[in-house]
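Take a look at the structure set out below.
Protein chains get the first letters and strands the later ones, always in sequence-line order, with residue 1 at the start of each.
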Amino acid sequence: MILEQITAQLSETLKSRVLVLFGHAVDRVVLQAPPRLAMGDLATPLCLELAKALKRKPREIAETMAKDLELPTFVEAVSVEGAGYLNFRFDRGAFTAAHIRTVMEPGPAPGERVIVEHTNINPNKAAHIGHIRNAVLGDTLVRLLRWLGYRVETQNYIDDTGVQVADVVVGFERLQKEGVAEVQKHIDDPSVPFDYYCWDLYSRMAVYYQENPEAQQWRRDTLHRIENQEGETAQLAALVARAIVKQHIATMLRLDITYDLLPKESDIIHQHFWARAFEMLKESGAITLEQEGKHKGCWVMKLAETEQFEGMDEPDKILVRSNGTVTYTGKDIAYQLWKFGLLDRTFNYRKFLTYPDGHVLWESSHDSETDPAAPKFGGAKKVFNVIDVRQSYLQKVVKEGLRLLGYTREADNSIHFSYEMVALTPATAKALGMELSAEDAGRAYVEMSGRKGLGVKADDLMDAMQQKATDAVRDGGKAEGLSDEEMRALGRTVAVAALRYFMLKYGRNKVIAFDFDEALTFEGDSGPYLQYSTVRVHNIFRKMKERGVDALIDDRSLDALTLNEGLTDEMWELVRLSADMPAAIRRAVDSLELSVVTHQLLELAQKFNSFYHKYPILNEKDDAERQRRAVCAEVFRRTMTKTLELLAIPVPERM
RNA sequence: GCGCCCAUAGCUCAGCUGGAUAGAGCGUCAGCCUCCGGAGCUGAAGGUCGUAGGUUCGAAUCCUACUGGGCGCACCA
């Protein structure tokens with residue numbers, strides 16, 4: 001926070017000084033940490049940029065600027081360096097003393113209502129690692145937004161009436177000749193998790209369709225009955241979807257991922273969201289009924305004139321088919337309108353479950369009454385849809401729909417948080433029993449396929465990671481006195497850190513070629529490395545307390561803090577990096593590039609480990625020197641603890 | 001055909017709105033536990049930033065064209 005204030009202040013000062021001295025207006029000033037610490041703590045190439053406009057030499061401008069420049073608090077000196085950079089040096093001691101009190105303090109809260117929709121797994125099979133990437137990105141975004149002061153509502157949309165569920169229902173009814181009673185038995189069978197059972201059934205069904213194309217009729221009939229809530233088929237679909245959603249919720253809870261609301265497709269149909277949206281679209285002229293051509297009889301959204309879509313072969317998007325039924329895109333527009341509170345109808349709600357921490361998860365319902373205890377959902381200022389990049393086109397169409405309806409602001413605030421898919425390395429695919437063509441074996445990665453039942457199940461991966469972590473705890477010799485149960489809990493903690501970090505550390509536009517060995521490393525650029533560093537710093541303070549050594553970081557000692565010249569470069573770098581964390585979080589959210597935060601954390605932890613080896617604290621006899629070191633360690637501890645909490649990476653007592 | 005994304009060290013990736021000598025992790029090699037925990041630390045080797053032009057005082061970063069790879073562009077969800 002302090003650093004952000006200094007940067008803002010400095011930026012203003014420089015701008016006005018350029019104006020006063022040269023009569024030139026600058027709209028932004030780049031201020032960043034110079035490449036090497038020796039150069040200072042903040043630097044700007046401002047004078048290099050000005051050189052041309054002012055027709056003067058950069059260094060000359062810089063000298064003029066630097067002379068008698070008014071510096072903000074904590075900034076000690078300004079100098080001209082290199083080709084004409086202005087470099088600023090902080091008063092390390094004073095800055096550190098102020099910073100330690102305000103580590104990871106958020107800025108003013110905007111308080112805006114924001115919806116983040118993520119996870120959205122089809123409720124017809126077990127979650128796989130691709131879904132974990134989605135959920136971890138979404139959940140982390142939620143946490144960061146909350147820290148920034150937004151009021152965030154987390155939605156996990158359940159498509160309980162789609163073909164995917166229908167296919168599993170067909171599998172039960174036609175392939176296995178089973179009804180509600182038998183399926184309930186599968187659900188209650190503890191030997192095979194129901195989502196795993198359906199994973200296999202779903203891929204069996206896909207094979208069956210391939211071999212018996214006429215069976216596609218079953219799918220159409222089943223889908224129809226589900227949509228119209230007809231008979232036992234509809235009941236069965238609801239039963240299957242509900243049971244699997246429960247397992248997805250449980251799977252995600254292992255990673256500490258929770259939701260506020262499960263809006264269901266079936267309720268969107270039941271509450272006639274589309275009917276209302278359809279009226280709005282017709283009234284505004286956003287869609288037209290095609291009178292001729294290949295789309296005759298369809299209601300179509302014309303996108304040819306919008307620049308986003310120009311040059312496309314098929315710039316028209318059908319929202320209502322010639323048989324009068326609405327497409328997925330149509331429903332999505334209606335749902336998006338609801339999220340912004342633009343649809344004059346809403347869901348009814350009931351409790352789905354209560355999480356162990358007491359937080360209630362709600363679901364939409366078409367009960368005649370809504371639960372009066374339900375909070376107000378929807379009506380957000382900004383909506384983030386966490387969906388993989390393959391849905392970009394669709395998301396653009398939905399956005400354009402809002403714009404054509406005249407909701408320009410909402411269209412701008414419909415944000416598609418897109419990310420690349422998780423694929424498998426050929427080695428991992430092979431290990432899973434996938435038969436690879438020669439071509440596939442030579443590729444960098446192979447795509448997963450739910451239809452073919454090819455993929456790494458989320459729970460399997462977590463089990464494997466947990467097992468490996470538990471073994472590491474046992475072998476590490478730090479587990480003396482721990483029960484098996486405690487060791488497993490510790491293993492779970494490490495596994496969660498490893499997995500969440502793994503999903504965050506790549507840029508969102510990178511395809512993750514998933515490899516077991518890579519995901520199971522707990523060294524170097526990994527979640528456990530961050531945990532380990534934090535456990536270490538906790539230990540220092542615990543040991544000092546045990547041995548009665550005063551760390552001198554209590555409030556009174558901090559008041560009397562005089563760090564002055566004592567901070568070495570290594571110590572100061574820790575503080576400087578810590579101070580950068582809030583800005584890194586802001587940058588991560590603004591760019592939706594959450595890896596910015598993990599990179600900042602990694603760099604910070606590396607600096608600490610290096611500091612740790614060089615500067616022992618516990619055995620330092622000189623009070624002033626020990627305090628200096630302890631203060632730096634404490635700054636690190638506070639930064640790590642808070643930031644890891646924001647990423648839902650737990651920190652154990654020991655590991 | 002049109003659109004989007006990716007290409008940086010042997011491998012996997014960083015590189016913030018153009019800025020100073022392009023950085024990590026893994027792997028390889030050489031070291032470090034009588035000293036707060038070795039899931040760690042120190043050092044070494046390793047790069048024509050896909051290619052060719054262009055803009056700029058300055059390009060891995062911006063523009064153009066190409067090459068290679070991936071993904072989209074349904075009266076499917």
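- When the C1' atom of B:rA77 is taken as reference, atom NZ of A:Lys125 falls 11 Å away, rounded to whole Å.
- Between the P atom of B:rA77 and the CG atom of A:Asp167 lies a distance of 12 Å, rounded to the nearest Å.
- The side chain of A:Tyr445 has B:rG70 as its nearest neighbour among B:rC6, B:rC75, B:rG70.
- For the pair A:Arg451 and A:Tyr202, the NZ or CZ position fails the cation-pi test of under 6.0 Å to the six-membered ring centre and within 45 degrees of the ring normal.
- Here the separation of B:rU67 from B:rA52, taken at their P atoms, is 15 Å to the nearest Å.
- Between A:Glu603 atom CD and B:rG23 atom C1' the separation is 9 Å, expressed in whole Å.
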Go through A:Arg28 and A:Glu49 one step at a time and tell me if the salt bridge (charged side-chain N to carboxylate O under 4.0 Å, His left out) criterion holds.
CA-CA 11 Å; A:Arg28 87 199 156 91; A:Glu49 292 166 28; 5.6 Å; no

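- Geometrically, A:Arg219 engages A:Tyr209 in a cation-pi contact defined by less than 6.0 Å to the ring centre and at most 45° from the axis.
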Using a cut-off of 4.0 Å between protein heavy atoms and nucleotide atoms, how would you tag nucleotides 27-43 of chain B 5' to 3' with B, S and -?
--------SBBSBBSS-

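- One C1' atom belongs to B:rC33, the other to B:rC6, and the distance between them is 44 Å to the nearest Å.
- Within 3.5 Å, no donor on the side chain of A:Arg390 pairs with an acceptor on the base of B:rC71, nor the reverse.
- Residues forming a ring-ring contact (aromatic ring centres under 6.0 Å, His included) with A:His248 (at least two apart in sequence, or on another chain): none.
- Separation of the C1' atoms belonging to B:rG38 and B:rC32 is 9 Å when rounded to the nearest angstrom.
- With rounding to whole Å, A:Leu31 atom CG is found 15 Å from B:rA20 atom P.
- With sequence neighbours excluded, the residues that form a side chain to side chain contact (heavy atoms under 4.5 Å, CB included) with A:Lys614 are A:Glu570.
- Residue-level contact check: A:Gly507 touches the backbone only, with heavy atoms under 4.0 Å from sugar-phosphate atoms and none from bases.
- Of the two residues near RNA chain B, A:Gln32 and A:Asn87, the one whose nearest nucleotide lies more 5' is A:Gln32.
- Ring to ring, A:Trp274 and A:Tyr335 are not that close: their centroids are 6.0 angstrom or more apart.
- One finds no side-chain N or O of A:Lys510 lying less than 4.0 angstrom from the OP1 or OP2 phosphate oxygen of B:rU12.
- Look at A:Glu4 and A:Arg586 and you find a salt bridge, because one of the NZ, NE, NH1 or NH2 atoms lies within 4.0 Å of a carboxylate O, short of that distance.
- When the P atom is compared between B:rG50 and B:rG15, the two are found 15 Å apart, to the nearest whole Å.
- A gap of 38 Å separates the P atoms of B:rA44 and B:rG54, to the nearest Å.
- Stacking between A:Tyr85 and B:rA20 is present: the aromatic ring centre lies within less than 5.5 angstrom of the base six-membered ring centre, and the two planes differ by under 30 degrees.
- Between B:rC73 and A:Lys317, no contact under 4.0 Å exists linking OP1 or OP2 to a side-chain N or O.
- On the P atoms, B:rG27 is 31 Å away from B:rA60, given to the nearest whole Å.
- The CG atom of A:Asp41 sits 17 Å away from the P atom of B:rA20 (whole-angstrom rounding).
- Spacing between B:rG43 and B:rU48 at atom C1', rounded to whole Å, works out to 27 Å.
- Under 3.5 Å, the side chain of A:Thr327 and the base of B:rC75 form no donor-acceptor pair of N or O atoms.
- Between B:rG18 and A:Arg28, a contact under 4.0 Å exists linking OP1 or OP2 to a side-chain N or O.
- For A:Lys264 and A:Tyr157, the positive end is not near the middle of the six-membered ring at less than 6.0 Å and at most 45° from its axis.
- Classification of A:Glu265 and A:Lys331 as a salt-bridged pair holds, one side-chain N sitting under 4.0 Å from a carboxylate O.
- Ranked by how close their nearest RNA chain B nucleotide is to the 5' end, A:Gln164 and A:His599 are led by A:His599.
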Evaluate A:Glu63 against A:Arg56 for salt bridge (charged side-chain N to carboxylate O under 4.0 Å, His left out), listing each step before the verdict.
CA-CA 12 Å; A:Glu63 299 287 357; A:Arg56 296 173 63 170; over 6 Å; no

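- With hydrogens and angles left out, the side chain of A:Arg36 and the base of B:rU21 share a donor-acceptor pair within 3.5 Å.
- Between A:Asp580 and A:Arg576 there is a salt bridge, since at least one side-chain N of the basic residue sits less than 4.0 Å from a carboxylate O of the acidic one.
- Taking every heavy atom of both residues into account, A:Ala53 and A:His24 meet most closely at CB-CE1, 3.6 Å.
- Between B:rA7 and B:rA14, the two C1' atoms lie 15 Å apart (nearest whole Å).
- Of the candidates B:rC13, B:rC75, B:rG19, the closest approach to any side-chain atom of A:Pro45 belongs to B:rG19.
- Residues A:Leu42 and A:Ala33 approach most closely at CD2-N, 4.2 Å, considering heavy atoms.
- Atom C1' of nucleotide B:rC71 and atom NZ of A:Lys396 are separated by 13 Å, given to the nearest angstrom.
- In this structure, A:Ile512 places its CD1 atom 20 Å from P of B:rG25, rounding to the nearest Å.
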Sugar-phosphate or base contact per nucleotide [nucleotides 54-61 of chain B; S, B, -; heavy atom under 4.0 Å]
---B----

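- Classification of B:rC33 as syn follows from a glycosidic angle within 90° of 0.
- Between A:His295 and B:rC75 there is a side-chain polar atom (N or O) within less than 4.0 angstrom of OP1 or OP2.
- For RNA chain B, each stem of at least three Watson-Crick or G-U pairs (distances under 3.5 Å) is given as range with range: B:1-7 with B:67-73, B:10-13 with B:23-26, B:28-32 with B:40-44, B:50-54 with B:62-66.
- Listed by chain and number, the residues in a salt bridge (Lys or Arg N to Asp or Glu O under 4.0 Å) with A:Glu523 amount to none (sequence neighbours excluded).
- For A:Tyr393, counting side-chain heavy atoms from C-beta on, the closest listed nucleotide (B:rC73, B:rA14, B:rG18) is B:rC73.
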